[in-house]
Colleague: 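Sending over a structure as structure tokens; questions will come in a sec.
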There are 2 protein chains.
Amino acid sequence: MDTTPRWLDADELAAWKRLVAVVELVPAALDAQLRRDSGLTHFEYLVLAMLSEAPDRTLRMTSLGQRTNATLTRLSHVVRRLEERGLVERFACPEDGRATNARLGDAGHAALVAAAPGHVSTVRATVIDALTHEQVEQLSAISAAILQRLDPHHRLQVLADTEPGTPAAAVGLPETAAPAVRAGGGAALAG
Amino acid sequence: MDTTPRWLDADELAAWKRLVAVVELVPAALDAQLRRDSGLTHFEYLVLAMLSEAPDRTLRMTSLGQRTNATLTRLSHVVRRLEERGLVERFACPEDGRATNARLGDAGHAALVAAAPGHVSTVRATVIDALTHEQVEQLSAISAAILQRLDPHHRLQVLADTEPGTPAAAVGLPETAAPAVRAGGGAALAG
DNA sequence: GCCGCTTAGTTGATATATCAAGCAATCGCG
DNA sequence: CGCGATTGCTTGATATATCAACTAAGCGGC
């Protein structure tokens with residue numbers, strides 16, 4: 001870092017301070033609602049959602065870690081706890097003895113389906129419905145620009161498949177789950 | 001929450017997924033840089049910065065908690081640790097026997113001055129300089145709209161004084177500190 | 001087919017955050 | 001002025017995240 005960086009001017013400072021408040025409050029709001037209504041953290045929700053998207057509801061730990069932006073260490077602890085609660089199961093990967101697969105069980109899928117509507121409502125209530133359609137598109141572009149700096153090589157798969165026009169959910173219940181959800185009065189982020 | 005909320009359409013979903021990545025990565029990036037270069041978390045930095053702004057570099061715990069968006073519990077633990085490290089001191093408020101004042105000591109001020117340039121550079125590198133001036137203003141408006149939903153009564157003082165045209169730093173070293181900083185080759189967010 | 005390097009994941013220790021009580025000073029009010 | 005309610009803060013227990021090894025399986029070269 002430079003020893004004498006350019007300071008922030010008034011507009012930049014205002015934007016920055018507000019962004020700091022947003023990045024502090026948004027995760028807290030998501031966590032609070034999910035914990036209260038479903039007994040899941042936002043991160044656990046993401047893990048379940050990513051598994052629900054995958055073929056056979058199964059992913060390798062490494063791949064799951066990329067999709068949820070988690071270190072393998074963090075993921076290992078969380079998945080162990082989810083396994084203890086009966087929501088996911090782990091088993092050795094047949095093709096690579098080093099790898100572990102995590103699969104979303106029926107109970108886990110049910111928990112996700114039960115949690116999704118409240119989560120989507122919260123997302124709308126706190127973010128999306130607070131903005132005009134134009135602002136939603138601006139936010140998308142701004143976030144993309146920031147992520148370009150934070151993760152230039154797109155290690156996070158969250159980024160890779162986030163172009164507008166994307167098929168289904170990714171943060172909710174896509175493809176596999178969403179139809180079931182819609183049929184059963186369940187839930188997803190997109191659809 | 002509604003049992004059958006409106007799902008997100010493709011544009012909304014793209015924006016949402018990117019925002020999730022941003023609110024996950026931005027705090028991590030700030031924490032990582034500050035920890036590595038200054039041995040401070042972003043939250044500790046905020047605490048020191050807020051104190052540096054206050055008259056006599058002193059604030060009540062409750063007021064400090066509002067400005068940093070922290071529960072009193074969290075703040076109490078953090079300030080105790082900062083006190084053990086000699087960066088701040090605590091003393092009973094003379095006017096109200098229940099209250100505790102926290103004051104930024106010289107060592108704490110020095111730590112803040114040392115940490116600020118790297119922090120500002122990181123803010124520029126990861127966020128502000130990634131955006132056009134127009135986008136900075138859009139981000140400011142978007143964040144304000146989101147915060148209106150998350151904190152309608154503006155409990156967070158971060159919001160109260162965040163109108164463009166604001167005097168000095170608030171997230172860096174304002175008024176009291178900034179001049180010293182500029183003189184000594186030090187650091188702040190704004191100036 | 002051994003040996004060093006890399007990859008994949010786990011585990012235990014430490015740090016930090018959150019929760020549930022608790023304590024003490026002040027306020028409100030009869 | 002006395003006593004319950006409120007405010008301001010702290011503390012200890014539990015949960016979660018981060019860090020530093022460590023294990024074990026594959027991979028490459030010779």
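We name chains A, B, ... by the order of the sequence lines, and we start the count at 1 in each one.
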Colleague: Has B:Thr71 got a side-chain N or O lying under 4.0 Å from the OP1 or OP2 atom of C:dA17?
Modeller: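 So the side-chain polar atoms of B:Thr71 never come under 4.0 Å of the phosphate oxygens OP1 or OP2 of C:dA17.
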Colleague: Return the nearest nucleotide to the side chain of B:Ala99; candidates are D:dT11, D:dG8, D:dT18.
Modeller: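 Per side-chain heavy atoms of B:Ala99, the pick is D:dG8.
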Colleague: What nucleotide among C:dA17, D:dT10, D:dA20 has an atom nearest to a side-chain atom of B:Thr73?
Modeller: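 Selected nucleotide: D:dT10.
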Colleague: Go through B:Ser140 and A:Arg18 one step at a time and tell me if the side chain to side chain donor-acceptor pair (under 3.5 Å) criterion holds.
Modeller: CA-CA 7 Å; B:Ser140 199; A:Arg18 285 174 173 163; 2.9 Å; yes
Colleague: Take the protein atom CD of A:Gln66 and the nucleotide atom P of C:dT7, then report the distance between them rounded to whole Å.
Modeller: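 Atom-to-atom, A:Gln66 to C:dT7, this comes out as 13 Å.
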Colleague: Are B:Glu89 and B:Arg57 ion-paired here, with the side-chain N under 4.0 Å from a carboxylate O?
Modeller: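 No, B:Glu89 and B:Arg57 are not salt-bridged.
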Colleague: For the pair made of CZ in A:Arg81 and C1' in D:dT14, what is the distance, rounded to whole Å?
Modeller: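 Result: 12 Å.
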Colleague: Starting at CG of A:Leu72 and ending at P of D:dC19, how long is that distance when rounded to a whole Å?
Modeller: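 In whole Å, D:dC19 P lies 15 Å from A:Leu72 CG.
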Colleague: Whole Å only: how far is the CD atom of A:Glu84 from the P atom of C:dT11?
Modeller: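 The distance from CD of A:Glu84 to P of C:dT11 comes to 10 Å, rounded to the nearest Å.
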Colleague: Under 4.0 Å between a Lys/Arg side-chain N and an Asp/Glu carboxylate O for A:Glu44 and A:Arg85?
Modeller: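 Between A:Arg85 and A:Glu44 there is a salt bridge, with a charged N closer than 4.0 Å to a carboxylate O.
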Colleague: Counting neighbours of CD on B:Glu134 that are heavy atoms of other residues, nucleotides or ligands and sit closer than 6.0 Å, is the number greater than 12?
Modeller: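 No, the 6.0 Å shell around CD holds no more than 12 heavy atoms from other groups.
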Colleague: Between D:dG8 atom P and B:Arg80 atom CZ, what is the distance in whole Å?
Modeller: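 So the two atoms are 22 Å apart, to the nearest Å.
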Colleague: Looking at A:Tyr45, I'd like to know if the NZ or CZ of A:Arg35 sits under 6.0 Å from its six-membered ring centre while staying within 45 degrees of the ring's axis.
Modeller: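 Ring-cation test returns no.
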Colleague: Heavy atoms from C-beta onward define the side chain here; which of D:dT18, D:dT10, D:dA25 lies closest to that of B:Arg90?
Modeller: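 Given the options D:dT18, D:dT10, D:dA25, the side chain of B:Arg90 is closest to D:dT10.
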Colleague: NE2 of A:His77 versus C1' of D:dA20: gap in Å, rounded?
Modeller: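 My rounded result for the distance is 11 Å.
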Colleague: Please tell me which of the listed nucleotides, D:dT7, C:dT10, D:dG26, lies nearest to the side chain of B:Arg98?
Modeller: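 Selected nucleotide (nearest to the side chain): D:dT7.
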Colleague: Within the pair A:Arg35 and D:dT16, is there a side-chain N or O less than 4.0 Å away from OP1 or OP2?
Modeller: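 Answer yes for this pair, as a side-chain N or O of A:Arg35 is under 4.0 Å from OP1 or OP2.
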Colleague: Closest nucleotide of DNA chain D for A:Gly97 versus for A:Thr41: which of these residues is on the 5' side?
Modeller: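 On the 5' side of the pair lies A:Thr41.
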Colleague: Round to a whole Å and report the spacing from OH of B:Tyr45 to C1' of C:dT16.
Modeller: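 The answer, rounded to whole Å, is 21 Å.
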Colleague: Check the distance between C:dT26's P and B:Glu95's CD and give it to me in whole angstrom.
Modeller: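 In whole Å, C:dT26 P and B:Glu95 CD are 12 Å from each other.
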Colleague: Pick the closest DNA chain D nucleotide for A:Val78 and for B:Asp96 by heavy atoms, then say which residue is nearer the 5' end.
Modeller: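 Its nearest nucleotide lies further toward 5', so the answer is B:Asp96.
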